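Below is one structure; the comments refer to it alone.
Computed over heavy atoms, backbone and side chain alike; hydrogens, waters and symmetry mates excluded. Small disclaimer: the values here were computed from a predicted structure and weren't measured.
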2 protein chains.
Amino acid sequence: MVDQAETLRRTPLSRDRILRAAVALADAAGIESLSMRNLAQDLGVAPMALYKHVSNKDELLDAMIDLVVAEIDPPAPGAGWKQSVRGRILSARQALRRHPWAPLAVESRNMATPGLLAYLDSVVGTLRAGGFSADLAHHVMHAMGSRVLGFSQELFDTARDTGRSGAAADQPSADMPPEMAARFPHLAEIARAAAHDDGSVVGPGCDDQFEFEFALDLLLDGVERLHRQGWTSAHRPG
Amino acid sequence: MVDQAETLRRTPLSRDRILRAAVALADAAGIESLSMRNLAQDLGVAPMALYKHVSNKDELLDAMIDLVVAEIDPPAPGAGWKQSVRGRILSARQALRRHPWAPLAVESRNMATPGLLAYLDSVVGTLRAGGFSADLAHHVMHAMGSRVLGFSQELFDTARDTGRSGAAADQPSADMPPEMAARFPHLAEIARAAAHDDGSVVGPGCDDQFEFEFALDLLLDGVERLHRQGWTSAHRPG
DNA sequence: ACCTGAACACCGTTCAAGT
DNA sequence: ACCTGAACACCGTTCAAGT
């Protein structure tokens, strides 16, 4: 046991150890706590030791993103394009839920990582195998946007926008405080509608998974319709 | 003239002057250049002078976001819900194109600003006036996600992902370099399809405006279909 | 070969002081 | 009342040095 710990301690740094520690740090403490200095401290090493294995922080973030993308399940064999794409996107969403820092990290980088490109290439391949023209597949990928990676793309967290700070965060309520409900009556109304929804709501607020699948199916159903109608950029059905 | 400049110079700082300078700085130099110190320098003032008018940098960002949201056109009177929502979203997109830092700023804040809430409230109001149930309007707002603010939500800039750095940025090409096309054949294929598209492509790469409207109409058409079918969360048409 | 310490040019923000 | 300067606790990263 002591030998093993001793071995670990004197194991030279490796890119792999650095990446795992970085993901663990971001998972546990948030992306804003991921500094080269904090990461080095977690690894029991001087900050500059990291630079032998990653060229800078941007490259570290890219590699972390690829670790998350690698968690997405491969396509289910034998499924049609729709179920295959749907399944992968829901799998991507689960991966993102394990790494809540990932969406902001992906959006702040402006270059696609190799792992991300491989995932996207494979999704396009599924569409092409399902009979989509290259033209339609292209527009569909744009229309899916970051949702293809499982992003839910909410503008803010509906459950905890009730006050200026964390006062209500302990027990978020779908009902707004009166002064906000008066200023934003329609938002208050749909928040109440969500709270009184059928069994889909377990706790307070609305069901993220339901909302995500609602949006995903809205897109996929629309895409299927265009595909069946033989959509081309020259001929758009009204 | 000299009097006017002199007056300006000795005009005490105001929240308004600070916000305008902050937006101008972010527009011109990017959000990563917007530091309290750079902003103070642009205003010819010590950094700490800013803190009399904004409580911290987060509050500054919130106020900047509200300035951008205020640029979104009001709803066109007399239009149906679909054209009204469509028009406002396209207007929001134009506002974002004038302030490219805004999407990342919005996504990095986790509390909605008053201006953003007012805009969303007004969009929900348009849906309700168009006969949507509160329930359906709620799900539609989630499904639109950040697209309701005109975000295009691309995972990366397709036009300039050809190399590791800006070498090809001067003249981005829809055709990938051979080694990338070999690794990602389906992506290469749809990139070629975009380049050979009909007249919608002016320059190289694909037409952002076309892709945005394609995705927007896919969503709005799907929403219209649900609305006409009397969708409720209990009864989902296949 | 692999790691370190000191240093540089930055951050946001607090605090006591100036005018 | 309004602004400032020095300071604190941070960043990412370079460079020359240690072992």
Side-chain angles (χ1 to χ4, degrees), chain A residues 5-23 25-26 28-65 101 104-105 108-111 113 164-166, chain B residues 5-26 28-65 101 104-105 108-111 113 164-165:
Chain A
E6 176 69 11
T7 305
L8 261 176
R9 203 184 56 71
R10 64 172 62 217
T11 297
L13 268 186
S14 69
R15 190 167 219 273
D16 199 63
R17 276 186 69 205
I18 292 174
L19 297 184
R20 286 180 202 284
V23 169
L25 175 55
I31 193 75
E32 74 282 0
S33 297
L34 179 71
S35 68
M36 299 302 271
R37 291 163 132 105
N38 283 343
L39 178 54
Q41 185 173 273
D42 280 9
L43 288 161
V45 105
M48 291 316 106
L50 305 175
Y51 284 81
K52 290 285 150 186
H53 301 93
V54 295
S55 54
N56 52 40
K57 192 180 179 181
D58 282 350
E59 204 228 334
L60 174 70
L61 283 171
D62 281 349
M64 291 170 66
I65 289 168
W101 47 269
L104 205 61
S108 64
R109 321 264 350 97
N110 52 10
M111 197 82 77
T113 59
R164 211 69 195 98
S165 125
Chain B
E6 176 70 9
T7 305
L8 261 176
R9 205 185 55 73
R10 62 173 62 217
T11 297
L13 269 185
S14 69
R15 190 167 219 273
D16 199 63
R17 274 187 69 205
I18 292 174
L19 297 184
R20 285 180 202 283
V23 169
L25 175 55
I31 193 77
E32 74 282 359
S33 297
L34 178 72
S35 68
M36 299 302 271
R37 290 163 131 105
N38 283 344
L39 177 56
Q41 185 172 272
D42 281 9
L43 288 161
V45 104
M48 291 316 105
L50 305 176
Y51 285 82
K52 291 284 152 187
H53 301 94
V54 295
S55 54
N56 52 41
K57 193 181 178 180
D58 281 352
E59 204 227 334
L60 174 69
L61 282 171
D62 281 350
M64 292 170 65
I65 289 168
W101 47 269
L104 205 60
S108 64
R109 320 265 352 97
N110 52 11
M111 198 83 77
T113 60
R164 212 70 194 98
S165 124

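Between the P atom of dC2(D) and the CZ atom of Arg17(B) lies a distance of 14 Å, rounded to the nearest Å. Between His53(A) atom NE2 and dC3(C) atom C1' the separation is 10 Å, expressed in whole Å. Whole-Å rounding puts the Lys52(B) NZ to dA16(C) P distance at 13 Å. In this structure, CD1 of Ile18(A) is placed 9 Å from P of dC3(C), rounded to the nearest angstrom. dA1(C) atom C1' lies 13 Å from atom CG of Leu13(A), rounded to whole Å. Arg15(B) places its CZ atom 15 Å from the P atom of dC2(D), with the value rounded to the nearest Å.
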Atom pairs and distances, donor-acceptor, side-chain atoms in residues 45-55 of chain A, under 3.5 Å, two or more places apart:
from	atom 1	to	atom 2	distance (Å)
His53(A)	NE2	Leu13(A)	O	3.0
Ser55(A)	OG	Glu59(A)	OE1	3.0

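Rounding to the nearest 0.5 Å places CG of Leu61(A) at 11.0 Å from OG1 of Thr113(A). Distance check: Trp101(B) CH2 to Leu25(B) CG gives 10.5 Å after rounding to the nearest 0.5 Å. Taking CD1 of Ile31(A) as the start and OG of Ser108(B) as the end, the distance is 12.5 Å to the nearest 0.5 Å. Atom OG of residue Ser33(A) and atom CG of residue Asp42(A) lie 10.0 Å apart, to the nearest 0.5 angstrom.
Taken together, the paired segments of DNA chain D that extend over three or more consecutive Watson-Crick or G-U pairs, each closer than 3.5 Å at both contacts, are C:4-8 with D:12-16, C:12-16 with D:4-8.
Summarising the geometry of Met64(B) relative to Ala26(B), their closest heavy-atom pair is CE-CB, 3.9 Å, with the distance given to 0.1 Å.
Checking the phosphate oxygens (OP1, OP2) of dG12(D), a side-chain nitrogen or oxygen of Lys57(A) falls inside 4.0 Å. Checking the phosphate oxygens (OP1, OP2) of dT13(C), a side-chain nitrogen or oxygen of Tyr51(B) falls inside 4.0 Å.
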Would you check, one step at a time, whether the test side-chain contact (heavy atoms from CB on, under 4.5 Å) holds for Asp62(A) with Asp58(A)? CA-CA 6 Å; Asp62(A) 281 349; Asp58(A) 282 350; 5.6 Å; no
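In this structure, Leu39(A) and Leu43(A) have side chains that are in contact, with non-hydrogen atoms separated by less than 4.5 Å.
The environment of Arg15(B) atom CZ is dense: over 12 non-hydrogen atoms of other residues, nucleotides or ligands sit within 6.0 angstrom.
Applying a 4.0 Å cut-off to non-hydrogen atoms, the residues of residues 35-50 of chain B that approach DNA chain C are Ser35(B), Met36(B), Arg37(B), Asn38(B), Met48(B), listed by residue number.
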